[in-house]
Each structure stands twice: as C-alpha cells, then as structure tokens.
Amino acid sequence: MTFFERYFAALDGPDPRSSLELVADDVEFAIEWASGEDRRSTQIVGGLAELRAFIDAGDMNDWAHHVLQAAQDGATAFALGETRYHSGERIGTFLAVAQLDADGRMRRYLVARTPAITFDAAADPARHQ
C-alpha cells in the first residue's frame with residue numbers, strides 16, 4: 001500500500017484519529033476545499049492540533065476517499081483520487097501531496113478537492129501494466 005492508501009484507509013476507518021499515527025508532530029498542512037462548481041473554496045491550515053480538530057469535526061459518515069493513482073519520489077508522496085458516497089456517487093476529485101520524514105510520517109501536507117473536474121483513471125495506460 002502507498003502512503004496515501006494507508007492514510008486515507010485509516011482516516012475513513014472506524015477510528016479516524018488513527019490516521020494521526022502517520023503524521024509527524026511538526027506537521028504543517030493546507031487543505032483547499034471547494035464544495036461547489038463555482039470559484040469559491042475554503043482553506044484550512046495549521047499544525048497537528050488543527051489537523052486533529054479537523055478530523056474530530058469532520059463529517060465522515062456516508063463517504064470515503066478512493067485513491068485512483070499514487071506515487072512516491074523519495075520522501076514526497078502523491079495521490080490523485082475521488083471522494084465518493086458509499087453508494088458510489090462521486091463527490092469530488094482530490095490531489096494530495098505529502099513530504100515524509102525519516103520515519104515515513106507526514107511533515108507537510110497539501111490537498112485540494114473540487115467537484116468541478118474528473119480524471120478518467122481507467123484511460124491511463126500505465127495503470128494497466
């Protein structure tokens with residue numbers, strides 16, 4: 001499993017706080033979140049305490065993250081995915097990047113999500129090799 005597959009599996013699982021085991025104490029993050037197809041978005045930034053509060057406040061019922069593609073280059077992990085309702089209906093597309101420390105924990109985290117665009121992962125020939 002890639003870093004983001006592990007992270008989102010924990011975040012979407014029965015104990016979302018367990019995802020923090022993959023996060024370094026000195027984490028800095030920015031979440032760019034668009035809920036509509038207009039140009040409005042919300043930015044959430046902070047450190048470990050703010051990420052914990054974001055997880056605690058999150059409405060994770062009825063939806064989850066689905067990683068379509070993921071890669072790692074040295075200490076940098078990337079993921080392209082979708083948030084989907086449990087029915088399978090797509091909510092939005094996300095792109096996430098993390099800088100990992102020597103223990104493989106997330107030190108820097110940037111993620112953006114929007115419903116305005118989709119990527120057809122099935123059309124990627126590299127995914128079928």
Side-chain angles (χ1 to χ4, degrees):
M1 284 183 103
T2 67
F3 173 81
F4 278 114
E5 288 169 328
R6 291 191 324 270
Y7 179 74
F8 290 129
L11 186 63
D12 296 337
D15 179 16
R17 267 195 169 203
S18 69
S19 64
L20 294 173
E21 294 172 12
L22 297 171
V23 176
D25 292 340
D26 64 346
V27 69
E28 293 179 17
F29 74 92
I31 299 172
E32 306 291 331
W33 189 308
S35 58
E37 293 186 11
D38 58 17
R39 294 176 181 229
R40 294 181 184 172
S41 65
T42 300
Q43 177 175 257
I44 303 158
V45 298
L48 185 58
E50 290 81 10
L51 186 58
R52 182 179 293 113
F54 179 76
I55 291 168
D56 288 346
D59 177 10
M60 299 298 291
N61 296 328
D62 300 329
W63 67 274
H65 298 84
H66 295 266
V67 174
L68 302 176
Q69 297 176 340
Q72 188 163 329
D73 183 4
T76 305
F78 308 88
L80 171 67
E82 294 178 346
T83 50
R84 298 180 193 153
Y85 292 111
H86 294 313
S87 68
E89 178 186 356
R90 184 183 150 280
I91 302 167
T93 300
F94 68 85
L95 182 61
V97 60
Q99 181 184 47
L100 309 178
D101 67 11
D103 296 321
R105 297 181 310 153
M106 186 164 53
R107 289 193 65 239
R108 300 293 179 270
Y109 178 40
L110 173 64
V111 63
R113 187 190 86 167
T114 179
I117 189 168
T118 61
F119 287 78
D120 185 4
D124 181 4
R127 198 155 163 82
H128 300 287
Q129 294 180 2

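A quick note: this is a predicted structure, and the numbers were derived from the prediction, not measured.
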Review point. Just how far is it from atom CD of Q72 to atom OG1 of T2, taken to the nearest 0.5 Å?
Key: 8.5 Å
Exercise for review: Before giving the answer on side-chain contact (heavy atoms from CB on, under 4.5 Å), spell out for E21 and V23 the whole-Å C-alpha distance, their side-chain angles and the decisive distance to 0.1 Å.
Suggested key: CA-CA 6 Å; E21 294 172 12; V23 176; over 6 Å; no
Review point. Can you get from L51 to V97 by hopping between Ile, Leu, Val, Met, Phe, Trp and Tyr side chains that sit under 4.5 Å apart?
Key: no
Point to revise | P115 backbone acceptor or donor facing R90 side chain under 3.5 Å | key: yes
Check your understanding: Could you give the distance from CD (E5) to NE2 (H66), rounded to the nearest 0.5 Å?
Key -> 12.5 Å
Review point. Do Y109 and Y7 have their ring centres less than 6.0 Å from each other?
Key: yes
Review point. Where do L22 and M106 land on the side-chain contact (heavy atoms from CB on, under 4.5 Å) test, with the steps shown first?
Key: CA-CA 6 Å; L22 297 171; M106 186 164 53; 5.9 Å; no
Practice item. Supply the atom-to-atom distance I44 CD1 to F54 CZ, rounded to the nearest 0.5 angstrom. Key: 4.5 Å
Practice item. Can you measure from CD (E32) to OG1 (T42) and round to the nearest 0.5 angstrom? Key: 9.0 Å
**Study point:** Nearest heavy-atom neighbours spanning A9 and M1
**Key:** CB-CE, 4.3 Å
Practice item. Ignoring hydrogens and angles, tell me if any N or O in the side chain of D101 forms a donor-acceptor pair with the backbone of R107 under 3.5 Å. Key: no
Check your understanding: Does atom CG of D103 have more than 12 heavy-atom neighbours, drawn from other residues, nucleotides or ligands, at distances under 6.0 Å?
Key -> yes
Review point. Side-chain contact, heavy-atom cut-off 4.5 Å: L48 with D26?
Key: no
Check your understanding: Step by step, would you call H65 with F94 a side-chain contact (heavy atoms from CB on, under 4.5 Å)?
Key -> CA-CA 9 Å; H65 298 84; F94 68 85; 3.9 Å; yes
Exercise for review: Find the distance between CG (L11) and CZ (R17) and round it off to the nearest 0.5 Å.
Suggested key: 12.5 Å
Exercise for review: Would you name the heavy atoms of R84 and I91 that are closest together and state the gap between them?
Suggested key: C-CD1, 3.8 Å
Exercise for review: Report yes or no: does D73 contribute a side-chain atom to a donor-acceptor pair with the main-chain N or O of T76 at less than 3.5 Å?
Suggested key: no
Revision key, fill the gap. Closest non-hydrogen atoms of A70 and V67, given as atom of the first, atom of the second and distance, are CB-CG1, 3.9 Å
Point to revise | Minimum-distance pair of heavy atoms, taken over all atoms of F29 and G47 | key: CE2-O, 3.3 Å
Check your understanding: Sub-3.5 Å donor-acceptor pair from the side chain of S41 to the main-chain atoms of W33, do we have one?
Key -> no
**Study point:** Non-hydrogen atoms of T93 and I117 that approach each other most closely
**Key:** OG1-O, 2.5 Å
Practice item. Determine, using ring centers only, whether F3 and F8 are less than 6.0 Å apart. Key: no
**Study point:** Non-hydrogen atoms of S19 and P16 that approach each other most closely
**Key:** OG-O, 2.7 Å
**Study point:** Validation row: R105, L100 side chains within 4.5 angstrom (heavy atoms)
**Key:** no
Point to revise | Nearest-0.5 Å distance that lies between atom CG in L110 and atom CD in Q99 | key: 12.0 Å
